[in-house]
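Notes follow the structure.
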Amino acid sequence: MAVAAATTEPLDRQLPMPFHPPLPTPPAKKRLPAGRPREWYVSHNRRLKAMRLAIALLDNGVYQPTSAGNHKIRTTAERLGMRPPSDTTCRMVRALIRYGR
């Protein structure tokens, strides 16, 4: 038993550390076009927020819209550092999950 322990290398020397490539940098943000009605900007930003939340939920294993309740969507938004979404945005998130299947 003592011979085996003396000839065995520690575990951290046997296995190489896994390679984690650097995270891709997000594309540079562009300004939204000027001259549109305010409702267009509100709906555009709402769609972007719903899309980010839907992607985060899918990454966390929420694949059914029935399992994505308002509370789960809002806690995901809090974890991502977003303001809590409205009921309308929560419905959009569930619609994106539903139609992405």
Does [X] reach the side chain of [Y], with side-chain heavy atoms less than 4.5 Å apart?
| X | Y | answer |
| --- | --- | --- |
| Pro33 | Trp40 | yes |
| Pro85 | Ile73 | yes |
| Leu32 | His44 | yes |
| Leu96 | Arg47 | no |
| Tyr63 | Leu58 | yes |

Notebook entry, point to check: Is a side-chain donor-acceptor pair under 3.5 Å present for Arg94 with Thr66?
Noted result: no
Notebook entry, point to check: Are Arg91 and Asn70 close enough that a side-chain donor and a side-chain acceptor fall under 3.5 Å?
Noted result: no
Look up atom [atom1] in [X] and atom [atom2] in [Y], then write down how far apart they are to the nearest 0.5 Å.
| X | Y | atom1 | atom2 | value |
| --- | --- | --- | --- | --- |
| Asp59 | Thr76 | CG | OG1 | 10.5 Å |
| Leu53 | Cys90 | CG | SG | 7.5 Å |
| Met51 | Thr89 | CE | OG1 | 12.5 Å |

Notebook entry, point to check: Who pairs with Asn60 by side chain to side chain contact (heavy atoms under 4.5 Å, CB included), at least two apart in sequence or on another chain?
Noted result: Arg79
Considering all heavy atoms, the nearest [X]-[Y] contact:
| X | Y | value |
| --- | --- | --- |
| Arg83 | Ala77 | O-CB, 4.0 Å |
| Lys72 | Ser67 | CD-O, 3.5 Å |
| Leu80 | Ala56 | CD1-CB, 3.6 Å |
| Ile97 | Gln64 | CG2-C, 4.1 Å |

Next item on the list: Indicate yes or no for a side-chain donor-acceptor contact from Lys49 to the backbone of Met82 under 3.5 Å, with no hydrogens or angles considered.
Entry: no
